[in-house]
Amino acid sequence: MNTELIDHITNLFQERFGAAPAHIARAPGRVNLLGEHVDYNNGFVLPAAIDRATYIAFSPTGSNQTTLMAVDFEQEAFFSPQTIPSKTQMDGAPLPEWAHYPAGVMWALNEDHLEAHGLNAVYTSDVPRGSGLSSSASVEMGFMIAWQNLGGWTLPSMQRALLGQKAENQYVGVNCGIMDQFASACGVENRLLLLDCRSLEWKTIPLPKDVSIVIADTKVRRKLTSGEYNKRRAACEEAVRLLKQDLPGIKSLRDVSVEDFNRLAGKLPEEVSKRARHVVEEIGRSKQAEALLEAGNIRHFGELMNECHVSLRDLYEVSCPELNIMARIAQSLDGCYGARLTGAGFGGCTVNLVAHEQAEAFSEALANSYQSETGYPPEIYITRASNGAELVR
Ligand code: ADP
Ligand code: MG
């Protein structure tokens with residue numbers, strides 16, 4: 001919990017609106033530990049909510065007008081249910097892009113006939129924006145909590161996540177899957193989340209208390225990656241189409257066992273075969289994770305993370321030199337159980353599981369070695385699995 005940020009928005013709220021905020025909501029970012037590029041193949045993902053979050057100080061206005069102050073953008077926006085469909089403010093000016101996320105949440109609630117009263121809100125976040133740690137989902141899930149609190153209705157956390165995804169897909173216009181909002185809404189302290197992307201059933205599995213999740217941002221952002229992403233999806237669909245000749249019952253790569261795949265892979269074009277092998281084996285790895293973590297076998301789990309990196313690098317081909325450097329250095333350092341690129345790839349972050357008492361030294365050594373190999377400094381966050389979106393007070 002970042003009490004400094006909570007104090008900061010409490011003071012700003014008091015100055016701006018002339019009274020203390022009625023409540024504070026908190027909603028975390030997330031990182032995915034295992035199960036990469038399998039969500040759209042109906043596989044399993046293993047994210048955790050992290051202890052970096054968006055904090056929202058808010059009070060009801062008693063009217064249908066909502067006024068937002070985004071501290072990190074040094075801007076305000078104000079809207080009502082009437083102005084939301086046109087993405088405008090009460091004075092007719094367009095809503096700034098950052099306000100599409102909270103306005104989208106109100107839009108999704110209105111669509112579902114759930115009451116979303118006007119509120120005054122001041123908010124800030126220590127989730128880095130645009131680094132793949134889902135700052136956008138944390139904003140959505142934070143406002144979901146705020147409106148739930150004022151509206152007098154209660155939804156299960158997965159339902160809140162689905163409404164947040166609807167807001168991002170249909171109002172903001174970003175075609176994200178369910179993992180981001182799910183992890184931000186459903187996180188549990190010191191636990192990983194295991195989500196079945198087909199049924200949306202989920203459970204938590206333990207992460208030892210003496211392990212830190214270290215996130216290392218390469219600071220590399222590749223442009224034009226959506227084309228590559230679409231090509232990967234198309235390759236997976238092509239693999240299913242071809243494998244159906246021998247396995248007529250399959251609907252997605254989720255339904256193909258590693259044994260069947262090994263037997264039939266030779267019938268696929270080389271590139272399709274590589275892409276599909278990653279997905280089939282990665283789903284196999286994520287299925288092993290539960291038993292390993294229940295048994296406290298963090299070493300073996302870390303090895304699966306390392307295998308995942310190799311697979312994303314060599315089979316799925318979504319890595320880049322900087323991610324490979326970051327993972328290689330991490331894997332050579334003391335206290336590191338596993339390291340791999342996380343998220344869509346082509347830049348962004350690696351995720352590392354590190355013995356808690358070595359996390360500081362690990363992070364320093366990783367930053368130094370990365371900088372001396374690439375010439376520029378990375379950003380490193382030591383974090384831990386934390387609770388999902390909640391009312392702090
Ligand atoms: P990420 O991977 O961090 O989710 P996105 O591009 O999906 O990256 O979302 C980033 C956008 O979410 C920002 O451009 C902004 O519009 C919104 N956002 C994130 N954090 C904040 C914040 N602290 N305050 C206001 N808006 C935010
Ligand atoms: Mg996002």
Side-chain angles (χ1 to χ4, degrees), residues 2 4-6 8-9 12-13 16 24-32 36 39 45 47-50 52-58 66-79 87 89 94-107 119-146 161 164-185 187 215 217-223 225-226 229 341-351 379 381 383 389:
N2 191 330
E4 246 173 68
L5 286 189
I6 293 177
H8 186 49
I9 54 173
L12 287 174
F13 190 100
R16 172 64 179 79
I24 307 282
R26 167 197 161 275
R30 67 97 188 92
V31 69
N32 190 22
E36 209 64 82
D39 52 348
V45 293
I50 58 177
R52 285 177 166 257
T54 296
Y55 296 89
I56 307 173
F58 66 97
T66 288
T67 300
L68 305 180
M69 182 198 279
V71 177
D72 304 325
F73 285 78
E74 296 180 16
Q75 280 179 31
E76 290 196 6
F78 60 124
F79 55 79
K87 295 195 171 121
Q89 309 199 48
L95 270 183
E97 195 250 14
W98 58 264
H100 289 187
Y101 295 85
V105 171
M106 187 186 246
W107 170 84
L119 52 73
N120 291 327
V122 174
Y123 67 108
T124 186
S125 183
D126 58 7
V127 184
R129 287 189 298 279
S131 297
L133 302 179
S134 287
S135 66
S136 60
S138 77
V139 169
E140 291 153 5
M141 291 304 102
F143 277 93
M144 198 63 85
I145 289 292
Q165 185 199 14
K166 181 174 173 181
E168 186 146 345
N169 289 168
Q170 296 183 35
Y171 192 85
V172 182
V174 175
N175 188 19
C176 58
I178 186 62
M179 176 167 68
D180 301 358
Q181 289 81 7
F182 158 71
S184 181
I215 297 163
D217 189 345
T218 61
K219 304 300 260 181
V220 176
R221 304 280 182 271
R222 295 270 183 269
K223 293 256 152 46
T225 56
S226 65
Y229 177 81
L341 80 87
T342 184
F346 302 111
C349 298
T350 63
V351 61
E379 197 84 56
Y381 311 101
T383 176

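Indexing begins at 1, ligand by ligand and atom by atom, following the structure's order. Just so you know, these numbers come straight off a predicted model, no measurement behind them.
For the residue pair Ser138 / Arg26, no side-chain donor-acceptor distance below 3.5 Å is found, with atom types taken as modelled.
For atom 19 (C) of ligand 1, the closest non-hydrogen atom of the protein is Ser135 OG, 3.2 Å. In this structure, the protein non-hydrogen atom closest to atom 2 (O) of ligand 1 is Gly132 N, 3.3 Å. The protein heavy-atom contact nearest to atom 13 (C) of ligand 1 is Arg129 CD, 3.9 Å. Protein heavy atom at the shortest distance from atom 26 (N) of ligand 1 is Phe73 CE1, 3.4 Å. The shortest contact between atom 14 (O) of ligand 1 and any protein heavy atom is with Glu97 OE1, 3.5 Å. The shortest contact between atom 9 (O) of ligand 1 and any protein heavy atom is with Ser136 CB, 3.3 Å.
Put simply, atom 6 (O) of ligand 1 has no protein non-hydrogen atoms near it, under 4.0 Å away.
Applying the 4.0 Å criterion to heavy atoms of Trp98 picks out, from ligand 1, the atoms 16 (O), 26 (N). The contact set between ligand 1 and Asp72, taken as ligand atoms under 4.0 Å from a residue heavy atom, comprises 22 (C), 23 (N). Within ligand 1, the atoms closer than 4.0 Å to a non-hydrogen atom of Tyr123 are 24 (N), 25 (C), numbered from 1 in the order shown.
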Legend entry - Verdict with supporting geometry, Tyr101 and Phe143, ring pair (Phe, Tyr, Trp, His ring centres under 6.0 Å): CA-CA 9 Å; Tyr101 295 85; Phe143 277 93; over 10 Å; no

Legend entry - Stepwise side chain to side chain contact (heavy atoms under 4.5 Å, CB included) check, Phe13 with Met69: CA-CA 9 Å; Phe13 190 100; Met69 182 198 279; over 6 Å; no

Legend entry - Verdict with reasoning, Gln165 to Phe182, per side chain to side chain contact (heavy atoms under 4.5 Å, CB included): CA-CA 9 Å; Gln165 185 199 14; Phe182 158 71; over 6 Å; no

Inset, instruction - Tell me, with the steps shown, if His8 and Tyr55 meet side chain to side chain contact (heavy atoms under 4.5 Å, CB included). - result: CA-CA 10 Å; His8 186 49; Tyr55 296 89; over 6 Å; no

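With contacts defined as side-chain heavy-atom distances shorter than 4.5 Å, the pair Trp98/Leu68 qualifies. Side-chain contact between Phe79 and Lys87: absent, with no pair of heavy atoms (C-beta onward) separated by less than 4.5 Å.
For a threshold of 3.5 Å applied to N or O pairs, the pair formed by Ala137 and ligand 1 contains no separation below that value.
The main-chain N or O of Gly348 is found under 3.5 Å from a side-chain atom of Thr218 such that the two form a donor-acceptor pair. A donor-acceptor pair under 3.5 Å links the side-chain atoms of Asp72 to the main chain of Ser125, judged by distance alone. Gln181 places no side-chain N or O within 3.5 Å of a backbone atom of Ala137 that could act as its donor or acceptor partner. With hydrogens and angles ignored, the 3.5 Å screen pairs a side-chain donor or acceptor of Arg221 with a backbone N or O of Gly130.
Residue contacts with ligand 1 leave out Thr54, since none of its heavy atoms falls under 4.0 Å from the ligand.
Note on the Mg ion (ligand 2): protein N, O or S atoms under 2.8 Å away count 1, no waters included.
Under the 6.0 Å cut-off for aromatic ring centres, Phe346 and Tyr229 do not qualify, their centroids lying 6.0 Å or more apart.
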